[in-house]
Visitor: 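Could you have a look at this structure, given as structure tokens, before my questions?
The first residue in the sequence is number 1, and the count goes up from there.
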Amino acid sequence: MEREKIKVDLYETYKEAKRHKRNKAEVIEFEIEEQKSLYNLFELLIEKRYEPLPSKVFIVEKPVKREVFAAQFVDRIVHHLLVRYIGPIFERRMIDDSYSCRVGKGTLYGIKRMAKFMRQCSKNYREDAYVMKLDIEGYFMNIHRPTLLKIVKETLERYANELLTYVDKEWIKWLSEVIILHDPTKNCIYRSNKRAWQDLPRSKSLFYTPKDCGLPIGNLTSQLFANVYLNAMDWYIKKELRIRYYGRYVDDFCLMHKSKEYLLECREKIDDFLQVQLRLRLHSQKFYLQPIHVGVKFLGAYIKPYRIYVGKRIKTNLWQCIKSWNERINEKMKIDVYSMRSQIQSYFGMIKHFNTYRLQQKIIRSSHPIIQYYAISN
């Protein structure tokens with residue numbers, strides 16, 4: 001392996017990992033002896049002595065209550081390094097309509113693609129067609145890590161030489177194995193009171209997953225591997241089931257076809273494929289099948305013929321945000337102007353892509369002049 005080039009890559013991924021996190025205690029501690037810390041990490045990696053540190057676990061309440069395992073800063077550097085090496089390899093093998101955590105894609109891209117597919121499948125709503133939305137039950141908690149590792153190793157064995165010209169393929173396989181098979185629940189550090197887990201369903205916690213199952217929500221590598229794990233399903237739906245109009249964001253996906261009966265048949269086949277190939281199954285309750293002209297809720301938006309409305313959760317969170325800032329300003333409390341501007345412009349920057357003119361005007365009329373300024377100047 002080209003040791004000097006890997007050193008440069010490690011330094012570049014270190015800069016990526018600390019971006020927007022330089023005020024964190026563990027990042028500051030690492031920076032105090034930056035060169036020594038990076039060299040020690042480099043030696044551990046090259047000599048295959050690296051082992052992940054205990055993860056930090058906590059509960060977040062929004063947008064929905066969930067459990068998050070966050071790697072320590074040193075491990076985040078390694079995650080960035082691995083994604084830097086293997087990300088492009090898997091990117092080349094994914095379908096265009098997998099939208100999660102990919103450059104140039106995301107939620108807005110996925111929403112617009114679904115709206116386009118609805119028009120195309122129904123010939124601009126002149127012909128009957130149907131949209132079916134499916135969800136995988138407890139996706140992150142039920143990813144079988146040995147199966148994921150097998151997929152990753154087979155792909156690297158076959159395609160790694162295309163892009164990894166100065167990195168040993170076997171070393172990349174070793175690092176992938178260390179990260180994939182790591183159990184974040186062992187010796188984890190609690191950042192939330194344990195009582196916060198009381199009303200969290202066991203199906204949404206890594207502490208209760210089957211053996212060798214589950215990826216931690218919160219790691220960069222988990223985002224990549226979540227796409228990698230379902231890539232085979234994507235190709236099965238596109239090639240074997242011949243569904244032309246299809247899109248997926250993590251474990252939420254939509255299929256469109258002129259035949260309602262064929263979509264129901266596809267649902268059974270997809271469930272069988274998931275159980276046999278990936279040890280997963282479709283969520284029995286989260287199932288939607290309606291004529292395309294009725295519309296579909298997807299990625300926080302309601303997609304209807306020729307118009308797209310913002311979802312209830314986003315709308316509720318926006319109103320709560322505006323109400324909170326209004327109260328702080330009216331009570332003459334100390335305000336972080338940068339934070340206020342970022343939140344307001346982030347929301348308005350998102351909803352302006354949807355049919356929300358009336359909503360925007362209603363919010364602006366009920367807001368303090370300072371908030372109005374940031375909303376209008378977005």
Side-chain angles (χ1 to χ4, degrees), residues 16 60 62-64 66-71 76 79-80 82-84 86-117 131-145 147-148 151-152 155 176 179-180 204 206 214-238 243 245-256 270 273-274 277-278 280 282-283 286 288 296-303 308 310-311 313-314 346 349-350 353-354:
E16 292 172 8
V60 296
K62 291 183 178 181
V64 294
R66 66 179 57 189
E67 171 189 84
V68 176
F69 280 85
R76 292 205 302 272
H79 294 170
H80 277 270
L82 181 63
V83 171
R84 185 187 188 94
I86 71 174
I89 297 172
F90 289 102
E91 179 68 26
R92 291 186 175 192
R93 267 132 212 106
M94 293 180 188
I95 66 170
D96 186 51
D97 287 292
S98 172
Y99 312 125
S100 172
C101 303
R102 297 176 66 191
V103 176
K105 301 191 187 296
T107 55
L108 182 60
Y109 180 85
I111 290 167
K112 290 183 175 180
R113 287 285 286 182
M114 284 297 108
K116 179 181 178 181
F117 287 166
V131 55
M132 179 172 69
K133 191 173 79 163
L134 302 172
D135 186 284
I136 296 175
E137 187 173 0
Y139 179 50
F140 271 91
M141 304 305 155
N142 289 301
I143 292 176
H144 188 242
R145 293 195 293 266
T147 301
L148 171 61
I151 294 170
V152 170
T155 305
S176 299
I179 292 175
I180 290 172
K204 296 184 179 295
L206 281 178
L215 287 184
I217 297 175
N219 290 350
L220 178 65
T221 48
S222 297
Q223 299 171 7
L224 171 63
F225 292 141
N227 281 336
V228 169
Y229 201 64
L230 287 182
N231 190 47
M233 183 194 74
D234 293 339
W235 284 108
Y236 173 73
I237 292 172
K238 295 285 283 187
I243 297 294
Y245 305 109
Y246 165 76
R248 176 177 65 84
Y249 191 96
V250 192
D251 61 331
D252 291 333
F253 50 103
C254 286
L255 299 79
M256 299 178 200
I270 293 168
F273 178 88
L274 288 172
Q277 300 293 331
L278 301 175
L280 299 170
L282 293 176
H283 200 297
K286 296 182 179 180
Y288 179 89
V296 63
K297 181 183 177 183
F298 188 59
L299 304 184
Y302 290 98
I303 309 171
I308 303 173
V310 67
R313 180 188 297 169
I314 296 174
S346 176
M350 173 174 54
H353 295 283
F354 307 142

Visitor: For E137, is there any backbone N or O sitting under 3.5 Å from a side-chain donor or acceptor partner on K286?
Guide: no
Visitor: Between D135 and Y288, do the side chains contain an N or O donor and an N or O acceptor separated by less than 3.5 Å?
Guide: no
Visitor: Are the side chains of L108 and F354 in touch, meaning some heavy atoms are under 4.5 Å apart?
Guide: yes
Visitor: Under 3.5 Å, is there a donor-acceptor pair between the side chain of N227 and the main chain of C101?
Guide: no
Visitor: Y249 side chain to F298 main-chain N or O, any donor-acceptor pair under 3.5 Å?
Guide: no
Visitor: Under 3.5 Å, side chain of D252 to main-chain N/O of L299, donor-acceptor pair present?
Guide: no
Visitor: In the structure I gave you, are the side-chain heavy atoms of I86 and V228 within less than 4.5 Å of one another anywhere?
Guide: no
Visitor: Nearest 0.5 Å, what's the CD1-CE distance between I314 and M350?
Guide: 4.5 Å
Visitor: Is it true that a side-chain atom of R145 and a backbone atom of G214 form a donor plus acceptor pair closer than 3.5 Å?
Guide: yes
Visitor: Side-chain contact, heavy-atom cut-off 4.5 Å: F90 with V152?
Guide: yes
Visitor: Is there side-chain contact between I217 and M141, with heavy atoms separated by less than 4.5 Å?
Guide: yes
Visitor: Would you find a donor on one side and an acceptor on the other, under 3.5 Å apart, between the side chain of K297 and the backbone of G311?
Guide: no
Visitor: For L278 and I151, run side-chain contact (heavy atoms from CB on, under 4.5 Å): C-alpha distance rounded to whole Å, both residues' side-chain angles, the deciding distance at 0.1 Å, then the answer.
Guide: CA-CA 10 Å; L278 301 175; I151 294 170; 4.1 Å; yes
Visitor: Apply the test side-chain contact (heavy atoms from CB on, under 4.5 Å) to residues R313 and V64: give CA-CA distance (whole Å), side-chain angles for both, the deciding distance (0.1 Å), then the verdict.
Guide: CA-CA 10 Å; R313 180 188 297 169; V64 294; 3.2 Å; yes
Visitor: Nearest 0.5 angstrom please: L220 CG to R76 CZ, how far?
Guide: 10.5 Å
Visitor: Using side-chain heavy atoms (C-beta onward) and a distance below 4.5 Å, is F253 in contact with D97?
Guide: no
Visitor: Hey, does the side chain of S222 reach the backbone of P216 with a donor-acceptor pair shorter than 3.5 angstrom?
Guide: yes
Visitor: Look at atom NZ of K204 and say whether more than 12 heavy atoms of other residues, nucleotides or ligands are closer to it than 6.0 Å.
Guide: no
Visitor: Closest heavy-atom contact between G349 and H353?
Guide: O-CD2, 3.1 Å
Visitor: With distance as the sole test, does Y245 use its side chain to make a donor-acceptor pair with the main-chain N or O of V131 at under 3.5 Å?
Guide: no
Visitor: May I ask you to test the I237-I95 pair for a side-chain heavy-atom distance under 4.5 Å?
Guide: no
Visitor: I'd like to check I180 versus F225 (side-chain heavy atoms, cut-off strictly below 4.5 Å). Are they in contact?
Guide: yes
Visitor: Can you give me the closest heavy-atom contact between Y246 and M233, atom names plus distance?
Guide: OH-CE, 3.4 Å
Visitor: Hey, can you tell me if F273 and Y236 have their rings parallel, tilted or perpendicular (30° and 60° cut-offs)?
Guide: parallel
Visitor: What's the spacing between L82 CG and I179 CD1 if we round to 0.5 Å?
Guide: 4.5 Å
Visitor: Between A301 and I308, which heavy-atom pair has the shortest distance, and what is it?
Guide: CB-CG2, 3.9 Å
Visitor: Output the distance between atom CD1 (I136) and atom CG (L274), rounded to the nearest 0.5 Å.
Guide: 5.0 Å
Visitor: In Å and rounded to the nearest 0.5 Å, what is the OG1 to CZ distance from T155 to R92?
Guide: 13.5 Å
Visitor: Run the side-chain contact (heavy atoms from CB on, under 4.5 Å) test on K105 and R113 for me, step by step, so that the C-alpha distance in whole Å, both residues' side-chain angles and the decisive distance to 0.1 Å come before the verdict.
Guide: CA-CA 10 Å; K105 301 191 187 296; R113 287 285 286 182; over 6 Å; no
Visitor: After noting the C-alpha distance and the side-chain angles of D96 and Y109, does the key distance pass the side-chain hydrogen bond (donor to acceptor under 3.5 Å, both in side chains) rule?
Guide: CA-CA 11 Å; D96 186 51; Y109 180 85; 2.9 Å; yes
Visitor: Would F117 and M114 count as a side-chain contact (heavy atoms from CB on, under 4.5 Å) here? Give the steps.
Guide: CA-CA 5 Å; F117 287 166; M114 284 297 108; 3.5 Å; yes
Visitor: Is there a donor-acceptor pair under 3.5 Å between the side chain of N219 and the backbone N or O of A71?
Guide: yes
Visitor: Measuring from atom OG of S98 to atom CG of N231, what distance do you get when rounded to the nearest 0.5 angstrom?
Guide: 7.5 Å
